[in-house]
Each structure stands twice: as C-alpha cells, then as structure tokens.
Amino acid sequence: MEKANHLAYCRAGVPFYDHPPASRAGAPFPATERPAPTGWRRAQAANWVYLSPEDAHLPDQGWKIHVSATPTDAAEVVDKVWDYCLSRSVAFKFLPSPRVHQSTNGKYAPRGSSGKLVTIYPVDADALRTVLDELDPVLGAHRGPHILSDLRWRQGPLYLRYGGFTRRECLAENGERTPAVARPDGTLVPDERTPVFTVPAWAPVPDFVAAQIEAGRATGDEPAFPYGIEKALHYSNGGGIYLATDNATGRRVVLREARPMAGLDGAGDDAVVRLHREAATLRRLAHLDCVPALLGTFTAWEHHFLVQEYIEGQTLQQFMATANPLITQGRDAEQRRKYADTVLDVLDRLEAVLESVHATGTVFGDLSPSNVMLRPDGRVALIDFEIAFRPGTEDPEPSIATPGFVAAHATGFDRDRYALDSLRLALLLPLTTMLDLDPARAGQLVEAAAGLFPLPAAWTDRVRRSLTPPGVTARRDRQEAALFAAAADDPGSPSARELTRALVTAIHAGATPQRLDRLFPGEPTALHDGGYTLAHGASGVLYALAATGHETDPEHHEWLWQATHRDVQHRPGLYDGLHGAAHTLSLLGRQDQAVDLLDRAAALTTDATPSGLYDGLAGIGLNLRHLARTLDAPSLRTRALETGERLATRLAAAGRAPSARSGLMRGWSGPALLFLGLHEDTGESRYLDLAHRAVHLDLRRFRDTAATAAGDDTAAGPLPTLGTGSAGMAVALAAYLRHRPEDEILTDTLDVLHGTLDLDFTTYGGLVAGRAGLAATLAHNGVTDRHPHLAGALAAHIRDLAWHAVPYEGGIATFGAQNMRLSMDLATGTAGVLHALHTVAGRLPVLPLIPRPREREERA
C-alpha cells in the first residue's frame, strides 16, 4: 500500500485518523450500489469495485486500459464503461464514490496512480484494440486529468500501460516488497508505477500501441521547451517545481508546473486555476523585494508553467532541520542561545515582510517553514503564493493549508499572524500540528520551549495568547504531565500504575467492535489492511493489553479472528500480517486459531517475502521459534530453522546497495536476532557468526546513510528510532554482545549508539519511531547499570512523553504519526506507550519476541 496522506484522514471534530467523510463529495456512484448481473462476479476491496464474468480467465499481466474523468463527469463515465464492458464481457474495476475519486486527484495524491477512475482488463492484444476502438468514441467527449504513468490513446480520456492484472510481489532493490510482473523466463521483477510512461524492454508491444508511442514522441508543431531543467525542487500531484535555466539568457529561474484537472483542492479547483491566481498575485506585488519576480507564464505539453525569479538560500524548514541544536547530542547552552537569537531575529524580519504584503491588501495564506526563504545576506522572502487572497474581494478563502500553521478562528489577515506565531514556536519545538486537535496544549508547549531555550518573557506571553483560541484556556499544568513525571521518577510507584490504568482506560474507550475495518483507531493504513495487524491493528493493541496484565474483551478476540478471514490482501509477516495475529491469538489462549493462521501464512511466504523483522522472514522465524516452545510443536521449530537458513542464503548474497534499508524493523538487525535465537536453540556457533555478519552489514549501511546526510547541508542524519535508527540497532548489537562480550570494537560502537539516545527532543512519542522507543531501548539494554549518566535521559524520555499525551474519555491517549490525530496502536500510539512503560519497569522486552536480558542470562 502507498504511504498514507495523513491529512486526508483528518476529519474535523474526530480525534482519530478515519476515512474522509462521504459528505465532502456526495454519495457513492450509482454503479457502486448495483448488484452484479447474472453471470458476473462482484467484489469490493479497499478503494475499488471489481466486476468480471464468472467464466473469465485473465492473464497474470498484460496491457490494461485506464479511464480518466473530471469530478463532474465521473458518474456518467462509470455508467458508460459499465454498460460497455457488460455488453462485451470484459472485466473491469472502478472507484466507488466521488470522495475517493477526488482524493486520488488531490494535490498530495500519489502522482503515479492519480487520475485513474476505471481500469479495464482486455484478455489479449486483439481485445485491447477492440476496446480502444469501440470505447474511444463513446467517451471521446469527456475530459480527464493526464495519467502520468500511462500512454494516452489518441486525444480522449483512455490511457494504457503494461502491468500486472493479478497481485504478485517481489523484492525491490531496497529490500521492500513491491508489486511484480514476470519476465519471459518467469523471474518476477518490480511492476514500475512511476509518473513517467515506460514499457519493460521484454514486454510485447502490439503494432498499434507502438504507433501510438511514436505519435506521442513526435513534437509536431509543439515548440521546443524553452528551459533546461537542473533539478526538481518539489513534486505534488498538481505538478512539479523545478530549478531551471533559461535557454535564451542563461538565467537561473524557478518553474512552477500545473497539470490540468489534477491537484484538486477542497473547493475542487485544479492546479491550473491556482497557478494563474498566483501569477496575478505576483504581478500585484511586483514592487516588493520579498516576493519573487514574475518572469512569465507559458503552456507546454498541455501543462501550464509559471516562471519566477530564483531566490538563493534555504527554506526555514531546511534551516530548522540542520541548525536546531535539539536534533543533536549534547546540551551546549551557548549554541542554544545563538540559535534562539537567530530565530527571533529572522521572525522579526519575517513579520516586517508580512506587514508589507498585508499593506497591499493581500493575505499570504500558507505561511509555513517550507514557504519562507532565508537569503544568504539574511533577508527573508516568501516563495509560494498559490493560495494568497485578498479579503473582501472575489478571491476565494483558501481550502488547503499546512497543518500546524492554520486555525479556524484566525481569518483574513489574522490567518498570517497566527501562522507567524506558530512559526515562532515551531522553529524551536516543532510540535505545532498537535494544536489543530488540542489547542489547549499551547501553554504546555510554550513552557517546554522556554525550558529548552533562553527566551524573553514577552515571547512566551505573546505566543501563548496567539495560539490559544478564544474561549479556550491554555493548560500548562496538565494531569497527564504529573503522571508521566511521577512514572519517570519511579516506574513502580502508585502514580505510575495510575498512568498505565489511564492508558488502558483510553484504549478500551477507543474500541469500535461494531466496525469491520478496524477495532482500535491508529494509523490510516490500518483502515485498508484488515485492521488486524500487530503494528497498527487489533493484534498489537490486544497483545499490549494482555502482555501488561490487563483485561481484554472476548468480543475483541473474536473480532480479531474474524478479521483475518475477511476479504483483504493478506500478508504473512509479523508486524503487517498473519504471524502477528497468530502470536496474539496464542497469547489470548486461542491456540488452534493461531496454528491455523501459521499454516495460512506459510502458503503466503515466498521468495518475494522480505528479510526483515517487520514484514519478512526474521519476524516469521522468531514467531515460529516462540510458538514452537509455547505449543510444544517440533514441526514449528523445524520451520524456524528452515527460515533461518533462507536468511543465511540471502545474507551471503547481500551487498552494499545504497538503497538498502537499515535498522531493526527492515534491515539486517532483525535477522541477527533470529540467528541469535537459533544459536541458543541449537548451540551452533555458526549462527553467532551469521549474527555478527548481519549486525556488521546493518551498521555499515547505517553509517553510509549518515555519511550521505553529512554531505548534504540541507538534510538531517538518521534518526535514533527503535524501528529504523540507532535504538533498534543497539538492541540487536547488545543481544549479540551478550554472547560475545569480548568484542571491544562492537562494545565501543554500542556505547556510541546508546549515546545517540540522549536527546531532549523527538518529533513523535510512539514505540517504533518515537520517544517511547528510546526509553524502552535504554531500559531493555540495561544501559543505566553501566552508564549512570543515561539514567537522566531515560527519565526525561518518560517525563516528556506528556508532550504527546491528551485526556481521552476518562483516560490518557497519545498522538500517533504526524502528530495530527490520536492513535491507540502498538507502533505509533497509546498501546506502544503502555508497552514501553512496562519495559522500563522491567516487566516486558523492548518489543514482542525479543527476550529480556535476564531471560538470556537465566538460560545461559
């Protein structure tokens, strides 16, 4: 599944990520509610409705047709395709509603798949030609956004590309699972879905398709593109932003591209409408030196372009990401003072810039770190006027904005003033997206920033007042802060137990057993993968409750079991699939069901299954090893050993590809843990050698990533997270060194990794990618026993989890990924924080299936 656009899942007044409301774009298409005709099969999964003749035998791959349409015509186009395909017995699928259709064409929708309303599956080249010839005149009067991954057929809304018809997967170069097609020799390779039309070199190309490709390459009367593109600065579904050179003058410029009928905003306006509004704004503000000069507009290949002055420097986002001392180790007071002074000075200059823009009657509208340039000479400029407007005129109020820098109560010019004060806080403590859901926490965040940087009292008073909406009291002394502070001082105290009860109360209150798509709210991905996984679904939450000794509802056990049988694209992995559900069901006493899931997972485990802990062989092997002991099942132990051998074969062939992932969840640290477990089971030193190689390979890739970031002054280095960063690698390395403690080089490396966890700031609070994971790692590895100075870091991580916590239904819940909504799941949310607190108290490992140090010592 493509990475979720979290903003699209933020519903007004709803504290969790959820499906966008249907009311935003009307009821489902009429075709969605029609039953399948006699002789046809109908299915609905994720965001598609599928129809195929009962006797259809589709190939695994081939040339397929996509149909594009505008929101106005979408329902009519679906009806026409329905009628045509049923009359010709051609399989097809379509999006179910205007809401889903609009979301696929939104500004931040994935560019490669955007524009697709219907997909048609001809069985061969003859059928392909027939459908194109017959359907083109039926739909020729309709228009739609260009599907960038496809070849356009003539001038209508039909597009085609070669790709998979059925779901098959292989491993990409970075080790992740990806959709696949088969080469003529049967080898599965990635089914590339890039925003550029390509055809695999070995794919059969019918003559009429080849003719269309040649016609598309012909320039005809289209003039030569007048600019040379140096690099892309930013992409969205509405178009790209490029650094370019004027072929006539050699001047460096910035090109802003707008695709017709694509990049829709909340009002339904496309990128072209917004681009020409921006051009008009730049003309109106041409006398200001804080605004890039408009150099012209033009159209090429049906796309619209705005040409503007190139302003040298870095965005405030880049400045913050590389200069904020909170992102590095150490607490240099002078460094923090200098950074704070610089921020205050820059924002005073930015305030003057805004006043000059406001004097023209214009509201900038989208003030955020990525839209402000800091020039080399210190001057400030604004660079994105896409949604600028003039209050009191016919200009529309913006329907898009950057989360964390806009508030419903701030309208007109106050919209920019609120965003400016949000910037004052965000450049020091970038957690302002939380204010969209919980504006009362403004006082808490302001006080936290003032505790980290030397700031004048006037700053704290101003920002607190500005960011707290009318009628809302800014809470500084919050109950959750007191409970987390008490747990930091003494993880076994009554207050710490009260905190865990509050977390459990919130988790239970968030349950929705009446829903089929999810049991507990969490990451948006869980709304589409069956809702049962260990990372983001019911398995993880129920595991955390049961493992920490809290009650679970038998109704929820049954929900989990039934969810593994619903019509979803199941995967075998530990954190993303059936092995995670099997692990939790076994913990809940449903052993027969766990075994059933293991058998089903075995049938799904193929050469395309990745190697890592999250979704691959390492997690599968660790779970098989665990359940072999739990269920006293020697056959599972054999399967665990076989899984280890498959990983050993892959390790022997593993290279140093820069795209390869590192870390505990998806790198070679996860397999290292399986090798260590198999050593403990068999006594074979060969598995220790394999663990040593796996750990070294992961460390090397991690260092390569860090070195690359160090060479780019606009990029931050790898984060110290449990899932992909130094914390997780420290878990694997510490586990290895308990078996071979004499390795002084790796011992020193482990100390360095542990040192990276001593930070005052993390963006997120969760277990896999946030503060809870850092606390759990320090406790799990017993770091404070050997390095007492890190005891303060451990306590601070627990205390400052309060930054990510809010009251919920008589309990306490925590923010999930992107800090825009709450989450109950294990990887990003409240269940993960609950798990981490029990790890700190010495009652749980850092993650499921990773034994605690004392367990290893007892077995030794």
Side-chain angles (χ1 to χ4, degrees), residues 31 36-43 48-69 77-95 113 115-142 144 146-168 179-189 191-193 196-218:
T38 302
W40 284 74
R41 292 189 298 265
R42 182 188 186 280
W48 293 98
V49 178
Y50 298 80
L51 279 101
S52 62
E54 291 180 350
D55 59 355
H57 298 286
L58 292 178
D60 290 328
Q61 61 197 52
W63 287 91
K64 50 190 173 182
I65 300 169
H66 293 120
V67 184
S68 176
V77 168
V78 170
D79 284 344
K80 288 181 176 180
V81 174
W82 174 291
D83 292 341
Y84 174 81
C85 288
L86 262 63
S87 71
R88 299 295 192 272
S89 295
V90 179
F92 68 104
K93 69 178 181 181
F94 61 91
L95 297 176
S113 58
K116 299 173 185 176
L117 173 66
V118 183
T119 304
I120 302 171
Y121 300 97
V123 295
D124 55 30
D126 290 340
L128 173 69
R129 182 61 187 262
T130 298
V131 173
L132 290 170
D133 285 345
E134 294 181 347
L135 197 54
D136 181 59
V138 174
L139 300 178
H142 296 282
H146 195 107
I147 301 174
L148 297 178
S149 61
D150 288 22
L151 171 70
R152 188 176 185 180
W153 180 252
R154 296 174 181 161
Q155 300 303 310
L158 300 182
Y159 295 79
L160 60 156
R161 68 177 290 268
Y162 188 90
F165 283 22
T166 60
R167 178 77 181 189
R168 292 185 292 179
V181 288
R183 293 193 312 219
D185 63 2
T187 303
L188 291 178
V189 296
D191 184 0
E192 301 288 353
R193 303 181 184 190
V196 176
F197 172 67
T198 59
V199 183
W202 43 263
V205 180
D207 291 343
F208 58 91
V209 175
Q212 186 65 43
I213 293 173
E214 283 302 312
R217 289 173 179 163

(message) Ignoring hydrogens, what is the shortest heavy-atom contact between Pro206 and Trp63? Give both atom names and the distance.
(response) CD-NE1, 3.6 Å
(request) Compare all side-chain heavy atoms of Arg88 with those of Val131 and state whether any distance is below 4.5 angstrom. (result) no
(request) State the OH-OG1 distance between Tyr162 and Thr198, to the nearest 0.5 angstrom. (result) 12.5 Å
(message) Quick one: does any side-chain atom of Arg41 pair with a main-chain N or O of Glu54 as donor and acceptor, under 3.5 Å?
(response) yes
(message) Quick one, Asp133 with Arg154, criterion salt bridge (Lys or Arg N to Asp or Glu O under 4.0 Å). Give me CA distance, side-chain angles, the key distance, then yes/no.
(response) CA-CA 10 Å; Asp133 285 345; Arg154 296 174 181 161; 3.4 Å; yes
(request) Might you point out which heavy atoms bring Val123 and Pro59 nearest each other, and give the distance in Å? (result) O-CG, 3.8 Å
(message) Testing the basics here: between Lys116 and Leu95, what is the closest heavy-atom pair and its distance to 0.1 Å?
(response) O-CD1, 3.2 Å
(message) If I take atom CZ from residue Arg193 and atom CG from residue Asp150, how far apart are they, to the nearest 0.5 angstrom?
(response) 10.5 Å
(request) Report the distance from atom OH of Tyr50 to atom OH of Tyr121, rounding to the nearest 0.5 Å. (result) 6.0 Å
(message) To the closest 0.5 Å, what do you measure between OG1 (Thr119) and CG (Leu160)?
(response) 12.0 Å
(request) Test salt bridge (Lys or Arg N to Asp or Glu O under 4.0 Å) on Asp207 and Arg129 and set out the steps. (result) CA-CA 10 Å; Asp207 291 343; Arg129 182 61 187 262; over 6 Å; no
(message) I'd like to check Phe94 versus Val67 (side-chain heavy atoms, cut-off strictly below 4.5 Å). Are they in contact?
(response) no
(request) Would you mind reporting whether Ile65 and Leu135 have side-chain heavy atoms less than 4.5 Å apart? (result) no
(message) Can you confirm whether Leu51 sits close enough to Pro37 that some side-chain heavy atom of one is under 4.5 Å from a side-chain heavy atom of the other?
(response) yes
(message) Could you tell me if the side chain of Ile120 sits less than 4.5 Å from the side chain of Leu158, heavy atoms only?
(response) no
(message) Counting C-beta onward and ignoring hydrogens, is there a side-chain heavy-atom pair between Thr130 and Val90 closer than 4.5 Å?
(response) no
(message) Show the nearest heavy-atom pair for residues Val181 and Gly164, with the distance to one decimal.
(response) CG1-N, 3.5 Å
(message) Working to the nearest 0.5 angstrom, can you tell me the gap between His66 NE2 and Arg152 CZ?
(response) 15.5 Å
(request) Answer yes or no: is there a side-chain heavy-atom contact under 4.5 Å between Leu86 and Phe92? (result) yes
(message) Within this structure, what is the CD-CZ distance for the pair Glu192 and Arg161, rounded to the nearest 0.5 Å?
(response) 9.0 Å
(request) Measure the acute angle between the ring planes of Trp153 and Phe208, then classify it against the limits of 30° and 60° as parallel, tilted or perpendicular. (result) perpendicular
(message) Ignoring hydrogens, what is the shortest heavy-atom contact between Ala36 and Arg42? Give both atom names and the distance.
(response) CB-CB, 3.5 Å
(request) Grab the two heavy atoms, one from Ala31 and one from Trp82, that are nearest each other, plus how far apart they are. (result) O-CZ3, 3.7 Å
